[in-house]
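Input: a single structure, listed below in structure tokens.
This is a predicted model, so every value here is computed, not measured.
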Amino acid sequence: MDIIKEFEKSSICKAIGDVLPVALVAWTPDCKVFYWNKSAEKIFGWKREEVVGKNFFDFLIPENEKEKVGKEVEKLINSGIYSDHLVNCNLTKKGDVIKCKWHNAVLKDKKGNVQGVISIGEDITEQERVRENLEKGYELLRTLMDTIPDSVYFKDKKGRFVVVNRAKAEHVGKRTSEVVGKTDFDFLPEEEAKRAFEDEKKVMRLKKPLVDKVEKVTYPDGKTVWVSTTKVPWFNSRGEVIGTIGISRDITRRKEQEERIKRLYRLYRIVGRAVNRAKDLRELCYKILVGLKESCNFDFGEIFVYEERKGIISPLTRTGCFKRLKDSYFTKERRVEKEGKDVIDAVISCKKPLYIKDPEKDNLSCHLFFLFRKNGLILNQIYAVPLVTEEVIHGVFLACTTDDNIFSQGDRRLIDAVCEEIAAGISKIKAEQVLKELAARDSLTDLLNRRRLSEKIKEQEERKKRYNEPYSFLYIDIDDFKKCNDTFGHREGDKVLKKIGEILKNSLRNTDSAYRLGGEEFGIVLPHLTKEKAKKVAERIKKEIQKKLYPSHKITVSIGVADSRDGEDVLKKADEAMYEAKRKGKNKICLAISSPDETPNS
């Protein structure tokens with residue numbers, strides 16, 4: 001105990017102990033305190049006189065820590081070796097538990113026997129709290145970063161990654177530890193890496209963020225994506241820029257949706273313009289079909305028009321790889337089978353869309369599969385949609401994909417929507433054609449009227465100038481029709497006019513056209529015929545009228561015949577020839593005069 005007494009007597013030791021900012025506690029091998037400095041009083045709350053001579057286990061060590069501290073004390077006394085950084089909990093006079101870090105040194109006599117221990121203790125409660133908070137904060141940050149699907153990264157001034165989250169590491173195919181210390185040049189194409197580094201240098205130089213820059217990025221596996229990148233300067237506690245913090249979000253899907261919306265906007269403009277401006281069904285459907293192909297994922301598309309009254313389906317227009325598909329299935333009209341043994345027939349029958357994922361195995365489409373294969377194409381999927389308005393089916397839209405191409409749900413929905421517009425457009429044009437046809441026809445005889453005749457003559461004159469094609473015109477007038485009305489009445493007169501209309505229509509070729517010019521006058525346009533040949537048509541008509549109407553109503557007709565060689569005003573020439581036939585006794589046919597020296601031929 002000589003060492004202890006010397007320590008207690010040493011004024012220098014006491015002076016040093018009292019100025020230390022940490023607790024200085026000296027104790028005997030049986031744990032009794034023999035020195036307690038002023039910092040110990042301040043930290044733990046007990047005065048020196050309250051603790052000297054007492055076992056520190058009685059007031060300083062919490063119950064749950066006594067076993068652990070006891071083992072440490074035993075080890076220290078038995079080994080006699082200096083121990084450092086022993087951290088344990090201690091009690092204050094107020095009963096608070098604080099955390100202290102202890103440095104212990106043993107006091108030995110000349111024989112090496114342990115006489116006592118000097119312990120220097122530091123209250124690290126606040127440090128531990130800060131450390132624990134930092135660790136929690138770091139864990140929260142790490143958890144947050146690794147939870148975020150966006151790429152998050154910290155870079156130093158040289159563009160080296162300091163911290164990266166899991167998403168960033170996965171995007172470049174590495175672990176987070178493998179990315180730290182590397183730069184974009186290790187993972188991206190050189191041009192993209194240069195662009196990224198230039199952006200970072202600008203952010204650090206201007207000390208301003210770069211927000212939502214949209215760019216394409218190519219990952220090491222060759223995958224290209226669209227990203228929206230934000231980069232901000234990274235400051236230290238002194239306000240100095242030490243690097244950049246970045247976050248990149250994959251917006252590939254958003255860009256695809258934006259592009260799809262643009263394509264849809266263009267498509268609906270095309271549809272709207274086509275419906276409002278198209279002159280005929282073919283123009284309407286072709287414009288819509290081309291626009292639809294730009295917006296949807298199909299390789300071949302065709303629109304078929306259905307005539308329900310005749311039961312005939314006929315191809316109207318198509319787009320895509322159709323040049324290699326010259327089969328009559330796609331090029332000629334045919335009769336629809338009611339049993340629905342074919343894709344188009346089935347759609348017409350059920351009036352619902354038909355989606356076939358495996359055409360080779362489907363009975364409705366296997367023949368199409370082999371037809372495609374015969375032409376060097378692999379038919380992958382089929383989507384057929386009826387063109388329906390108010391339960392009336394106007395046709396079918398048939399779309400096909402080849403190789404590995406498929407119809408997405410979005411593609412099919414878009415096709416459904418556009419097919420409604422196509423059907424509406426077809427219905428509109430059909431209605432307009434009906435109205436136009438009605439407006440161009442005489443209501444009694446169902447023959448075309450004088451206005452339509454003017455259009456036809458203009459059309460024939462243009463063909464005459466362009467192709468030097470002749471045409472003839474028959475001017476027909478009923479002889480003594482007033483006498484018929486006076487004798488039999490106007491109702492019977494109307495029946496005569498209607499019957500003559502039927503005779504004229506039945507006497508003509510598909511290329512010919514008959515007109516009621518007013519009252520009892522009629523006209524016929526005969527393309528490609530000279531007046532000499534047209535006279536034979538006139539003779540047949542005159543004979544048929546006389547046969548059908550003379551016995552009952554005493555009806556005959558006088559006919560003037562002229563052709564495009566007789567001058568510009570063919571109708572006038574034919575009219576003059578008709579009056580010449582009247583002058584010659586009626587029920588006759590006269591040819592127009594081609595020159596002043598000619599006389600009308602009968």
Side-chain angles (χ1 to χ4, degrees), residues 440-442 444-465 469-485 493 496-501 503-505 507-509 511-546 549 555-602:
R441 290 191 177 275
D442 173 60
L444 178 63
T445 63
D446 198 36
L447 298 178
L448 297 169
N449 58 26
R450 182 178 284 274
R451 179 180 176 184
R452 185 67 185 89
L453 174 63
S454 299
E455 295 173 359
K456 184 65 176 179
I457 293 295
K458 184 178 180 182
E459 177 186 318
Q460 289 300 133
E461 284 293 325
E462 288 176 357
R463 293 190 64 83
K464 171 192 166 186
K465 291 176 184 178
E469 288 182 358
Y471 71 94
S472 293
F473 183 75
L474 308 185
Y475 207 118
I476 303 168
D477 186 85
I478 302 174
D479 298 325
D480 301 319
F481 186 61
K482 183 177 183 300
K483 188 183 293 185
C484 174
N485 279 331
V496 167
L497 293 173
K498 192 172 182 179
K499 185 64 178 179
I500 289 177
I503 293 171
L504 295 184
K505 284 190 287 186
S507 302
L508 303 180
R509 303 167 299 170
T511 54
D512 303 334
S513 49
Y515 305 83
R516 184 183 180 193
L517 307 181
E520 63 269 30
E521 295 180 337
F522 299 86
I524 296 176
V525 176
L526 302 167
H528 312 299
L529 295 185
T530 60
K531 61 187 176 185
E532 289 79 17
K533 292 182 179 180
K535 183 181 178 183
K536 294 180 180 179
V537 178
E539 288 172 346
R540 189 166 65 247
I541 290 171
K542 183 174 81 69
K543 190 179 293 184
E544 187 69 15
I545 290 174
Q546 187 170 351
L549 293 173
I555 293 296
T556 60
V557 293
S558 297
I559 304 175
V561 184
D563 67 25
S564 51
R565 299 172 301 173
D566 292 327
E568 291 185 2
D569 198 341
V570 178
L571 267 67
K572 184 179 178 183
K573 290 286 184 181
D575 186 31
E576 291 171 353
M578 184 270 293
Y579 275 107
E580 182 64 23
K582 293 275 189 188
R583 282 193 294 270
K584 288 186 176 183
K586 303 175 184 177
N587 193 25
K588 295 187 183 299
I589 299 170
C590 282
L591 301 184
I593 303 172
S594 297
S595 65
D597 299 328
E598 276 190 72
T599 57
N601 290 319
S602 58

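In this structure, CZ on Phe522 lies 11.5 Å from CD1 on Ile559, to the nearest 0.5 angstrom. For the atom pair OG1 (Thr530) and CG (Asp566), the distance works out to 10.0 Å, reported to the nearest 0.5 Å. With values rounded to the nearest 0.5 angstrom, Leu474 atom CG is found 5.5 Å from Ile541 atom CD1. Here Leu517 contributes atom CG and Ile476 contributes atom CD1; the two are 9.0 Å apart, rounded to the nearest 0.5 Å. If you take NZ on Lys456 and OH on Tyr515, they are separated by 5.5 Å, rounding to the nearest 0.5 Å. To the nearest 0.5 Å, atoms OG1 (Thr511) and CG (Leu526) are separated by 8.0 Å.
Closest approach of Asp563 and Ser472 over heavy atoms only: CB-OG, 3.3 Å. Nearest heavy atoms, Lys499 versus Leu549: CG-CD2, 3.9 Å. Minimum heavy-atom separation, Leu508 to Ser513: CD1-C, 3.9 Å. Smallest separation of non-hydrogen atoms from Val496 and Phe481: CG1-CE1, 4.1 Å. Taking both residues in full, the closest heavy atoms of Arg441 and Asp446 are given as NH1-O, 2.7 Å, listed atom of the first, atom of the second, then distance. The nearest pair of heavy atoms linking Ala562 to Lys573 is CB-CB, 3.7 Å.
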Decide yes or no on side-chain contact (heavy atoms from CB on, under 4.5 Å) for Leu453 and Leu571, but give the supporting numbers first. CA-CA 10 Å; Leu453 174 63; Leu571 267 67; 3.6 Å; yes

Could you go through the side-chain contact (heavy atoms from CB on, under 4.5 Å) check for Val537 and Asp512 one step at a time? CA-CA 11 Å; Val537 178; Asp512 303 334; 5.8 Å; no

Quick one, Lys531 with Arg565, criterion side-chain contact (heavy atoms from CB on, under 4.5 Å). Give me CA distance, side-chain angles, the key distance, then yes/no. CA-CA 9 Å; Lys531 61 187 176 185; Arg565 299 172 301 173; 4.0 Å; yes

Test log, rule side-chain hydrogen bond (donor to acceptor under 3.5 Å, both in side chains), inputs Glu461 and Tyr471: CA-CA 9 Å; Glu461 284 293 325; Tyr471 71 94; 2.5 Å; yes

Step by step, work out the side-chain contact (heavy atoms from CB on, under 4.5 Å) result for Val570 and Ile457. CA-CA 9 Å; Val570 178; Ile457 293 295; 5.5 Å; no

Assess whether salt bridge (Lys or Arg N to Asp or Glu O under 4.0 Å) is satisfied between Glu455 and Arg452, documenting all intermediate values. CA-CA 5 Å; Glu455 295 173 359; Arg452 185 67 185 89; 3.4 Å; yes

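A salt bridge links Glu580 with Arg583; the closest basic N to acidic carboxylate O contact falls under 4.0 Å.
When the options Lys584, Lys582, Lys542 are evaluated for a salt bridge (Lys or Arg N to Asp or Glu O under 4.0 Å) with Asp479, the one that passes is Lys582. Each of Asp442, Thr445, Leu447 was scored for a side chain to side chain contact (heavy atoms under 4.5 Å, CB included) with Leu497, with one residue passing: Thr445.
A donor-acceptor pair under 3.5 Å is absent between the side-chain atoms of Ser558 and the main chain of Met578, judged by distance alone. Of the possible polar contacts, one joining the Arg509 side chain to the Pro527 backbone as a donor-acceptor pair under 3.5 Å is found.
Atom NZ of Lys505 has more than 12 heavy atoms from other residues, nucleotides or ligands within 6.0 Å. Within 6.0 Å of NZ on Lys572 lie no more than 12 heavy atoms contributed by other residues, nucleotides or ligands.
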